[in-house]
Amino acid sequence: MSGNVRETIANALEAAVRSLGVDGEIPDLELGRAKVADHGDYATSAGLKLARTLRQAPPAIAARLAEAIVVPEDAARAEAAGGYVNFRLTDSWLQRLVGQVAAAGARYGAADLGHGERLQVEFGSINPTGPLHIGHGRGVTLGDSICRVLEFTGHDVQREYYVNSDNTQTRRFGASVYARLHGQEPPEGGYVGEYVKDIADMARQDLPGIESLPEDQAEPKLRRYAMEKIIDQIRASVARLGVEYDEWFWESTVWESDLGPTAIERLREAGYLRERDGALWFGPALQEKEEAGEKVVEEEDRVVIRANGQPTYFASDLGYLISRFERREFNRVVEVWAADHHGYVPRMKSAASALGFDPEKLVVILHQMVNLKEGKMSKRAGRYVALDELIDRVGADAVRFFYLLRSPDTTIEFDLELAVTQGNENPVYYAQYAHARLSNVEVTARERYATLPGEADTSLLVQPHELDVARQLAFWPDVVEDAARMLEPHRIPYYVHDLATAVHRFYHAGNAESQYRVVVDDPALTRARLELCRAARHTLKTALDLIGVSAPERM
RNA sequence: GCCCCGCUAGCUCAGUGGAUAGAGCAUCUGUCUUCUAAACAGAGGGUCUGAGGUUCGAAUCCUCAGCGGGGCACCA
């Protein structure tokens, strides 16, 4: 069985189109899920799309296609309706699918789209100067779910956190710790949180003699120490959401190794650098590059080395690109950034290009901001909600579902009280409850029957509410593929909801009429329904796992 | 001023150029002696921000306008 019915139908459709005498390129026939139940499961507007090519009326073309098409394994039957061809999955194919899904278990829906492609996803990389807040939670859950989906589809994925260690913010952070160590208020623009005092106290213990050092010697040590403490915190916070990074890459290693100098030297030789006002600038103007009509190159110059000799974060990123594409040989790098960094995208793309890398291999996923109802988050103004607090209040599963339910393009206006309320009625429980019910019914079956037939005869699954569960299972590989290709994990929670709905209806049918229960007097029928339960339970669990949500067996 | 994102039911949001625009929450009406009611069945609720355009066909693509969010550093 091919894992993906949609693809099977698409191929059959293409063959049918060829059989009608279309030689050249076939337009996109837009085979997709039918929106109305009367139209079956999949539908294409092929008749309308081919009307011009074939110089025939759309209904006539659709009729000929429906006649000509042969779907392998009789998976679906075609029917013309106006200019459309509708496909309905056959009962017998759905019945067989149930057995196959139950056997495939957690692997059902997995695909080898990546062929082992080595890629890195870098996400959640905030300045290590304070705890994560609810805005960061979005990037962390999004990035991690992208990783999970990519892993499930045959990619070799590395999760990376880029530790911005050498910038103005972290220096202010170090200075703030230094001030607290000496019982002073943090300097202007410094960090005022209580945690800074805590870190200063710990440093007093862990770094003997630090108090007697002058600031220019103490600050770098304190900064490094404080950042490591913060990173421990961040590591613990994301772990609560089921996220574990493979590597924490320190910006400082760019300058402790030859990465930074190599990048700058390469750009200098290629003519991308020039000096002005005592600083070193990156600019494209020396040889204008237009690639495939798309403007890859930015117009404005950007500072690489400041007049005071310090490299900018942009300079670090140049070395970082070499680390990833060249030294560590990632074929693709996915960056998950908040939308306030969107202006940085063209610069990074042109930098990648200038360094000799394919800018297409640098994929930037932008997600919109998480703002508080009261306004933009600001520690200083007291408008700030820590990610840990949110997890404390609503639980990790609800947090993950809450974020991943939304497309990255929508701005989240956050209201903690509302989030807590919604946490209690979060749609995640609807899906988890479906899983728990399925788990429980299997327990019931074991209690009732010492033995059941080893093989399930799934042709006994003939009730509409049973076949509708199987129908949802059939769609799962489509969802996985779409989520992986478009790097859009938010498709998964919506699928989870649909599958859970089919499961609840199926289960509830047994509450309404006992003959429709899973565990009934007929062992063969019980066995067949158990097979369906297993198939659905595995798929629910797999889908929940891709968004990092647990699948409890009891609730 | 320029750039990016959004505007869809009372609220929060889905919706690869296709047929009659969907879900959750909220509101209202039914269903537990039951394999788990954290469930199920049903009802009401829409000028898809507005105006043009492209197309056989537009919530979806293009242009303009409005409103909201975010950018435009020798900050990251």
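Throughout, protein chains are lettered first and strands after them, A, B, ... in sequence-line order, and every chain is numbered starting at 1. Any value given below was found using the heavy atoms of this structure, including those in side chains, with hydrogens, waters and symmetry copies removed. Not measured: the values here are computed from a predicted model.
Residue Arg554(A) is in base contact, counting any heavy-atom pair closer than 4.0 Å across all strands shown. Within 4.0 Å (heavy atoms only), Ala512(A) reaches no atom of the nucleic acid at all. Residue-level contact check: Leu280(A) touches neither bases nor backbone, having no heavy atom under 4.0 Å from any strand. Thr44(A) comes within 4.0 angstrom of nothing in the nucleic acid, heavy atoms only. Using a 4.0 Å heavy-atom criterion, one finds that Arg505(A) contacts the sugar-phosphate atoms exclusively. Asn86(A) comes within contact range of at least one nucleobase, with a heavy-atom separation under 4.0 Å. Looking at heavy-atom distances under 4.0 Å, Met369(A) makes contact with sugar-phosphate atoms alone, never a base. Note on Ala509(A): nothing from the nucleic acid sits closer than 4.0 angstrom, heavy atoms only.
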Please tabulate, one pair per line, all N/O donor-acceptor pairs under 3.5 Å involving side-chain atoms of residues 396-404 of chain A, not counting sequence neighbours.
unit_1: Asp397(A); atom_1: OD1; unit_2: Ser550(A); atom_2: N; d: 3.1
unit_1: Asp397(A); atom_1: OD2; unit_2: Gln432(A); atom_2: NE2; d: 2.9
unit_1: Asp397(A); atom_1: OD2; unit_2: Ser550(A); atom_2: OG; d: 2.6
unit_1: Arg400(A); atom_1: NE; unit_2: Ile547(A); atom_2: O; d: 2.8
unit_1: Arg400(A); atom_1: NH1; unit_2: Asp144(A); atom_2: OD2; d: 2.9
unit_1: Arg400(A); atom_1: NH1; unit_2: Leu241(A); atom_2: O; d: 2.8
unit_1: Arg400(A); atom_1: NH2; unit_2: Asp144(A); atom_2: OD2; d: 3.1
unit_1: Arg400(A); atom_1: NH2; unit_2: Ser145(A); atom_2: OG; d: 2.9
unit_1: Arg400(A); atom_1: NH2; unit_2: Ile547(A); atom_2: O; d: 3.3
unit_1: Tyr403(A); atom_1: OH; unit_2: Ile134(A); atom_2: O; d: 2.5

Please tabulate, for the side chains in residues 312-321 of chain A, all donor-acceptor contacts under 3.5 angstrom to protein atoms that are two or more places apart in sequence or on a different chain.
unit_1: Thr312(A); atom_1: OG1; unit_2: Val303(A); atom_2: O; d: 3.0
unit_1: Thr312(A); atom_1: OG1; unit_2: Val304(A); atom_2: O; d: 3.2
unit_1: Thr312(A); atom_1: OG1; unit_2: Phe314(A); atom_2: N; d: 3.3
unit_1: Thr312(A); atom_1: OG1; unit_2: Ala315(A); atom_2: N; d: 3.3
unit_1: Tyr313(A); atom_1: OH; unit_2: Arg347(A); atom_2: NH1; d: 3.3
unit_1: Ser316(A); atom_1: OG; unit_2: Glu251(A); atom_2: OE2; d: 2.7
unit_1: Ser316(A); atom_1: OG; unit_2: Trp255(A); atom_2: NE1; d: 3.0
unit_1: Asp317(A); atom_1: OD2; unit_2: Tyr344(A); atom_2: OH; d: 2.6
unit_1: Tyr320(A); atom_1: OH; unit_2: Glu160(A); atom_2: OE2; d: 2.6

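A21(B) and G68(B): their C1' atoms are spaced 24 Å apart (whole Å). Atom name C1', nucleotides G71(B) and G10(B): the rounded distance is 33 Å, in whole Å. The C1' atoms of C62(B) and A76(B) are separated by 35 Å, rounded to the nearest whole Å.
Qualifying ring-ring contact (aromatic ring centres under 6.0 Å, His included) partners for His508(A), counting only residues two or more places apart in sequence or in other chains: none. Judged as a side chain to side chain donor-acceptor pair (under 3.5 Å), and not counting sequence neighbours, Gln463(A) has no contacts. Residues satisfying the ring-ring contact (aromatic ring centres under 6.0 Å, His included) test with His136(A), not counting sequence neighbours, are His133(A). Listed by chain and residue number, Phe173(A) satisfy the ring-ring contact (aromatic ring centres under 6.0 Å, His included) test with Tyr191(A) (two or more places apart in sequence, or in another chain).
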Where each pair must be Watson-Crick or G-U wobble with both distances under 3.5 Å, what dot-bracket representation of RNA chain B is obtained, with crossing pairs in [ ] and other-strand partners as |? (((((((..((((....[...)))).(((((.......))))).....(((((..]....))))))))))))....
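For the pair Glu513(A) CD and C32(B) P, the computed distance is 14 Å after rounding to whole Å. Phe414(A) places its CZ atom 12 Å from the P atom of C13(B), with the value rounded to the nearest Å. Protein atom OH of Tyr84(A) is 14 Å distant from nucleotide atom P of C56(B), rounded to whole Å. Protein atom CH2 of Trp337(A) is 13 Å distant from nucleotide atom C1' of G71(B), rounded to whole Å. A straight line from CD of Glu30(A) to C1' of A19(B) spans 13 Å, rounded to a whole angstrom. Between the P atom of U34(B) and the OH atom of Tyr516(A) lies a distance of 21 Å, rounded to the nearest Å. One can place CD of Gln515(A) at 14 Å from C1' of U34(B), the figure rounded to the nearest angstrom. When the P atom of G68(B) is taken as reference, atom CG of Asn371(A) falls 14 Å away, rounded to whole Å.
Within the structure, side-chain hydrogen bond (donor to acceptor under 3.5 Å, both in side chains) contacts touching residues 76-89 of chain A (residues at least two apart or in different chains) are Asp74(A)-Arg77(A). Applying the salt bridge (Lys or Arg N to Asp or Glu O under 4.0 Å) test to pairs two or more places apart or on separate chains, those with a residue in residues 497-524 of chain A are Arg448(A)-Asp521(A).
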I would like to know whether Tyr245(A) and Tyr162(A) meet ring-ring contact (aromatic ring centres under 6.0 Å, His included); could you show each step before the answer? CA-CA 10 Å; Tyr245(A) 286 98; Tyr162(A) 178 68; over 10 Å; no
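C35(B): glycosidic angle beyond 90° from 0, hence anti.
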Kindly give the atom pairs (protein nitrogen or oxygen, nucleotide nitrogen or oxygen) under 3.5 Å for nucleotides 72-76 of chain B.
unit_1: C74(B); atom_1: O3'; unit_2: Arg306(A); atom_2: NE; d: 3.2
unit_1: C74(B); atom_1: O2; unit_2: Ala307(A); atom_2: N; d: 2.9
unit_1: C74(B); atom_1: N4; unit_2: Asp277(A); atom_2: O; d: 3.1
unit_1: C75(B); atom_1: OP2; unit_2: Arg306(A); atom_2: NE; d: 2.2
unit_1: C75(B); atom_1: OP2; unit_2: Arg306(A); atom_2: NH2; d: 2.3
unit_1: A76(B); atom_1: OP1; unit_2: Arg306(A); atom_2: NH2; d: 3.2
unit_1: A76(B); atom_1: O3'; unit_2: Asn164(A); atom_2: OD1; d: 2.6
unit_1: A76(B); atom_1: O3'; unit_2: Asn167(A); atom_2: ND2; d: 3.3
unit_1: A76(B); atom_1: N7; unit_2: Tyr313(A); atom_2: OH; d: 2.6
unit_1: A76(B); atom_1: N6; unit_2: Tyr313(A); atom_2: OH; d: 2.6
unit_1: A76(B); atom_1: N3; unit_2: His341(A); atom_2: NE2; d: 2.9

Strictly under 3.5 Å: I want the nitrogen or oxygen pairs between protein and nucleotides 1-4 of chain B, one per line.
unit_1: C3(B); atom_1: O2; unit_2: His342(A); atom_2: NE2; d: 3.4
unit_1: C4(B); atom_1: O4'; unit_2: His342(A); atom_2: NE2; d: 3.3

Protein heavy-atom contacts under 4.0 Å, written 5' to 3' over nucleotides 20-29 of chain B as B (base), S (sugar-phosphate only) or - (none), form the string ---SSS----
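By the 4.5 Å heavy-atom criterion applied to side chains, His490(A) and Arg406(A) are not counted as neighbours.
Closest non-hydrogen pair, Asn4(A) versus Glu481(A), comes out as ND2-OE1, 2.8 Å.
One finds no salt bridge joining Asp478(A) and Arg33(A) here, because no Lys/Arg side-chain nitrogen approaches an Asp/Glu carboxylate oxygen to under 4.0 Å.
Among the nucleotides C13(B), C40(B), A37(B), the one closest to any side-chain atom of Arg406(A) is C13(B). Proximity note for Asn511(A) (side chain, C-beta onward) versus C40(B), C35(B), G69(B): the nearest is C35(B).
Checking side-chain atoms of His504(A) against main-chain N and O of Tyr430(A) turns up a donor-acceptor pair under 3.5 Å. The backbone N or O of Val520(A) lies less than 3.5 Å from a partner atom in the side chain of Thr526(A), making a donor-acceptor pair. A distance-only check finds a donor-acceptor pair linking the side chain of Arg527(A) to the backbone of Pro453(A) [under 3.5 Å].
Contact annotation: side chain of Ser45(A) to base of G18(B), donor-acceptor pair present below 3.5 Å.
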